[in-house]
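Below, each value reflects all heavy atoms present in this structure, side chains not excepted, and no hydrogens, waters or symmetry copies. First the proteins, then the strands, lettered A, B, ... as listed; each starts at 1.
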There are 2 protein chains.
Amino acid sequence: MPKLDESLLTGLPPFSQLNRAQIREILDQAGSRRYEEGTAIFREGHDAESFFLLLDGYLRVVRTTPGGDQIIVLHISPGQLFGIAPALQRDTYPATAIAAAESIALSWSARVWSDFTARYPGFATESYKTLGQRLGQIQETLTEMATQAVEKRVACAVLRMANQSGRKTPNGIEIAFPVTRQNVSDMTGTTLHTVSRLLSAWQRDGIVESTRKHIVVTDPHALVLLSEQ
Amino acid sequence: MPKLDESLLTGLPPFSQLNRAQIREILDQAGSRRYEEGTAIFREGHDAESFFLLLDGYLRVVRTTPGGDQIIVLHISPGQLFGIAPALQRDTYPATAIAAAESIALSWSARVWSDFTARYPGFATESYKTLGQRLGQIQETLTEMATQAVEKRVACAVLRMANQSGRKTPNGIEIAFPVTRQNVSDMTGTTLHTVSRLLSAWQRDGIVESTRKHIVVTDPHALVLLSEQ
DNA sequence: TCCGAACGTTGCTCTGAAACAAACTCCCGG
DNA sequence: CCGGGAGTTTGTTTCAGAGCAACGTTCGGA
């Protein structure tokens, strides 16, 4: 395995208070791997042997019902820790992580988590902070799901993706990873048919532009209105 | 304020590894209060100044949408920590906690959290463990909400309450705190009308018995079937 | 004891979105 | 260059469940 460079971790919240030597230590314990689009990094119910940091790419975190329906719980962007079930004393992962685009991630054995929290100042604090944000985010999705009509939910989902991983382009905000209609419906608990109709309608109204696996929000403000009103 | 007895905390997971003296220390820093049914312990968006432990009673943790709809995110039973936003570096509470029945809770200043985690072995571990369970629970509710039809969702909600706080009685499992139809609909994202119809139908089929603010599951097995199938 | 409010039930209507169906289009590999 | 599969669009049908309305019941307080 080629030696990993320290610049990979510097500046990321969980490691921001550490010096070069400490980051070196941490990297020396890490494994790294590339995942093709569509590959699972870990699966729901499997032993939580590792936790991860996404260096590049995008992930979907997915739960599947006994009936085979699946829904996307959250997305992971570069720089975020994920699969931190071990930190919560879980012995299995509660969800599945799938590469939405070609991705690269570091991984550490679950055993070193307690080492890290004990030895590296700020690591525990920052990790639990992201955990708190994630919890809040999921609660928000839940309330949304329970109270809002389909169109608002879809608008919210698109906005959330645009916020988390949007790139500014001349035409508007472009979502930086491949998204199918099916994926959006898995985020919102509808059917791909309904999502397709909505996106077509929005395209007519000049709010979004979308081709297959690809969405650009041309009029974010109008979409915000749709999501709130 | 009367002096609190050590027996209040002994045996509870976050404190189970501690000795009498340590529990004494912890109790000496605690405040205690009684809350009448319907009172808020803390409110969404307010400064997260304290964290709490429920000694007696039951709580609903609730989120409200800008539109005024509300949904019940989770229930808290005696012995559980709650309002642990401070532990996640949040400066405001992400939800509102309401006493579902007359309740008694201890509280500590948010400032002492880091003390507790540093000084008392097992405290951090156990706290984050419950946090992990809660996260998993919410994810489950979310998938349920997104994929299941109303009847199944209501069945799941009733079962969850029965599991968490059910008392065995000659007639079946009795939910130990007051629940209105409205409450159940707030857990499941439907209307009280639909919940009322479902409970009536189930009563006809001998699956539950319910009076106002009160539900007894007489045939848990049938309800499980409804919730899965 | 009576009143009023909170909680629950039930019937009816109507609509949003799922289900079903059938093409169409893009993309990749042979 | 062609074939096939994955992803998308669009039309039509159907129905669960929300919305509305009206009434019944229980309970606590004056």
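For residues 144-160 of chain A, proximity to DNA chain C is found at Ala149(A), Val150(A), defined as any non-hydrogen atom under 4.0 angstrom from a strand atom. Interface residues of residues 200-208 of chain A facing DNA chain D, ordered by number: Ser200(A); criterion, heavy-atom separation under 4.0 Å. Within residues 178-186 of chain A, the residues approached by DNA chain D to less than 4.0 Å at the level of any non-hydrogen atom are Thr180(A), Arg181(A), in residue-number order.
Looking only at distances, a side-chain donor or acceptor of Ser200(A) sits under 3.5 Å from a matching main-chain atom of Ser196(A).
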Using side chain to side chain contact (heavy atoms under 4.5 Å, CB included), reason through Leu226(B) and Trp202(B) one step at a time and then give a plain yes or no. CA-CA 10 Å; Leu226(B) 274 179; Trp202(B) 292 347; 3.3 Å; yes
Applying side chain to side chain donor-acceptor pair (under 3.5 Å), run through Asp5(B) and Ser7(B) and close with a yes or a no. CA-CA 5 Å; Asp5(B) 195 84; Ser7(B) 65; 2.7 Å; yes
Show your reasoning for whether side chain to side chain donor-acceptor pair (under 3.5 Å) applies to His214(B) and Glu174(B). CA-CA 8 Å; His214(B) 196 247; Glu174(B) 178 193 354; 2.8 Å; yes
Take Arg181(B) and Ser210(B) through the side chain to side chain donor-acceptor pair (under 3.5 Å) test and state the conclusion after the steps. CA-CA 10 Å; Arg181(B) 309 290 185 259; Ser210(B) 69; 3.0 Å; yes
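Environment of NZ in Lys152(B): crowded, with over 12 heavy atoms of neighbouring residues, nucleotides or ligands closer than 6.0 Å.
Note on Ser196(B): a side-chain N or O is less than 4.0 Å away from OP1 or OP2 of dT9(C).
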Tell me which donor-acceptor pairs under 3.5 Å the side chains of residues 79-86 of chain B have, and how far apart each pair is, sequence neighbours excluded?
| residue | atom | partner | partner atom | Å |
| --- | --- | --- | --- | --- |
| Gln80(B) | OE1 | Ser77(B) | N | 2.9 |

Please tabulate, one pair per line, all N/O donor-acceptor pairs under 3.5 Å involving side-chain atoms of residues 43-52 of chain B, not counting sequence neighbours.
| residue | atom | partner | partner atom | Å |
| --- | --- | --- | --- | --- |
| Glu44(B) | OE1 | Thr64(B) | N | 3.2 |

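Residues Trp108(B) and Ala30(B) share a closest heavy-atom pair of NE1-CB, 3.3 Å. Between Val158(B) and Ile175(B), the closest heavy-atom pair is O-CD1, 4.1 Å. Summarising the geometry of Leu223(B) relative to Val217(B), their closest heavy-atom pair is CD2-CG1, 3.9 Å, with the distance given to 0.1 Å.
Residue-level contact check: Leu192(B) touches neither bases nor backbone, having no heavy atom under 4.0 Å from any strand. Using a 4.0 Å heavy-atom criterion, one finds that Thr190(A) contacts the sugar-phosphate atoms exclusively.
The side-chain hydrogen bond (donor to acceptor under 3.5 Å, both in side chains) pairs that include a residue from residues 133-147 of chain A are Gln139(A)-Arg63(B), Glu144(A)-Arg160(A), where partners are two or more places apart or lie in different chains. Residue pairs meeting the ring pair (Phe, Tyr, Trp, His ring centres under 6.0 Å) criterion with at least one member in residues 150-176 of chain A: none, sequence neighbours excluded.
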Heavy atoms under 4.0 Å is the rule here; annotate nucleotides 22-29 of chain C 5' to 3' with B where the base is hit, S where only the sugar-phosphate is, and - elsewhere. ---BB---
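Applying the ring-ring contact (aromatic ring centres under 6.0 Å, His included) criterion to Phe15(A), with sequence neighbours excluded, gives Phe123(A). Qualifying ring-ring contact (aromatic ring centres under 6.0 Å, His included) partners for His75(A), counting only residues two or more places apart in sequence or in other chains: Phe177(A).
When side chains are defined from C-beta on, Val184(B) counts as touching Val179(B), because their heavy atoms get closer than 4.5 Å. For the pair Val62(B) and Asp186(B), the minimum side-chain heavy-atom distance is 4.5 Å or more.
Rounding to whole angstrom units, CG of residue Leu198(B) and P of dG8(C) are separated by 14 Å.
Arg153(B) and Glu151(B) are not joined by a salt bridge, as no carboxylate oxygen comes within less than 4.0 angstrom of a charged side-chain nitrogen.
For DNA chain D, the span of nucleotides reached by chain A at under 4.0 Å from its heavy atoms goes, 5' to 3', from dA6(D) to dT12(D).
Checked by distance alone, Arg197(A) brings no side-chain donor or acceptor within 3.5 Å of a matching partner on the base of dG16(C).
The end-to-end axis angle of the helix from dT1(C)-dA30(D) to dG30(C)-dC1(D), rounded to 10 degrees and based on five pairs per end, is 40°.
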